[in-house]
Every structure is written in structure tokens, then in C-alpha cells.
Amino acid sequence: MTNMVDERVLQARRQIGSEMMQLMYYFIVISFCIKSLYFGMGLQECMTEFIILISAPIYQAYRSRKLGVVLGNYRKASRASNLLSIAIGIGVLLLCLYRTDSGVPTLEAVSAIVTFAVVFSFTRFGFAHIEAKRAKKLEEEYDED
């Protein structure tokens, strides 16, 4: 007797697992932010969360490339979405700068904010562009078959 599982049940199981993983990841993000911003803990005290925050997206990108799929919809992000993302990032950066004990000079703070915005923009648009090209290439490859 073979152990047959209905495809709908298998798909539902995978979807539940995926949603649970996303919830755990968001919980870790919130935990890291609270520990570092509210309690003022350093990276040494938040190392577990930091490792998970860095390694989870890297693992997801590696596995999606290995399986030959593109996860997500890499459409062109709207202007409002980009501005909101940068504003939230700058807000968190300002909160971090405010929480430092030494008091950050104004020029250093502005330099950090500009550097963050530039690096964030290049990273976001760069990965979106690379993944969109990869999705198009995979779609053409699957259409040929």
C-alpha cells in the first residue's frame, strides 16, 4: 500500500508552513527592533536574531535559484512604496542615532542617512531588476519546452 496524500492537503500544509515561517520571521524582526532600539542592547546581545535575519533571506534566495523558480512578483515598485520604505528606514535610523549615548554630530547623522538611502535604493532596485530578468529568462526557457 502506497502512502498517497491528496494534492490539496499537501498544498494547504505547505501554505500553512510558509505563513508560519513568515510570522516567525516578523516576530524576530520585531524582537530585534525592540531589543536594540527600546532596551538599547548591542549586537552581541541580539546575535541570534541578527543571524536569523541575515541567513533566512540568503537561504530563500539560494533555494529558489537552486530549484529554478522566482519567488514573488518583481513588478516595478510604485513611487509611494519606495518613498514609504525609505521614510521608514530613515525613521529607524534616526531613532538609532537618537538612542546613542555619545550624541551623533549633525554632519555624521546626515551622512549616515544619505548613505543608507543610496545603498537601500541600489540594493532594492538592483535585486528587483536581476530577479525580473531571471524570471523572464526562466519563462522563456519553460516556454521552449
Handout entry: Side chain to side chain, Lys35 and Glu45, heavy atoms closer than 4.5 Å
Key = no

Handout entry: Min side-chain heavy-atom separation Phe32-Ile52 under 4.5 Å
Key = no

Handout entry: Beyond-backbone contact of Arg65 with Glu131, side-chain heavy atoms, under 4.5 angstrom
Key = yes

Practice task
To the nearest 0.5 angstrom, please state how far the CZ atom of Arg134 sits from the OG atom of Ser64.
Solution key: 5.0 Å

Problem - Short side-chain to backbone donor-acceptor contact, Ser31 and Phe27, under 3.5 Å - result: no

Problem - Polar contact flag, side-chain donor to acceptor under 3.5 angstrom, Glu7-Gln11 - result: no

Exercise for the section: Indicate, with yes or no, if Met21 and Ile58 share a hydrophobic cluster defined by side-chain heavy-atom contacts under 4.5 Å among Ile, Leu, Val, Met, Phe, Trp and Tyr. Expected result: no

Practice task
Look at atom OH of Tyr25 and say whether more than 12 heavy atoms of other residues, nucleotides or ligands are closer to it than 6.0 Å.
Solution key: yes

Handout entry: Any Gln15 side-chain heavy atom under 4.5 Å of Glu19 side chain
Key = yes

Problem - Side-chain donor or acceptor of Ser18 paired with backbone N/O of Arg14 under 3.5 Å - result: no

Problem - Hydrophobic cluster membership, Met41 vs Ile34, 4.5 Å side-chain cutoff - result: yes

Exercise for the section: Answer yes if Tyr59 and Leu53 sit in the same cluster of Ile, Leu, Val, Met, Phe, Trp and Tyr residues linked by side chain heavy atoms under 4.5 Å apart, and no otherwise. Expected result: no

Practice task
Would you kindly confirm whether Ile54 and Ile51 end up in one hydrophobic cluster when ILVMFWY residues are joined by side chain heavy atoms under 4.5 Å apart?
Solution key: yes

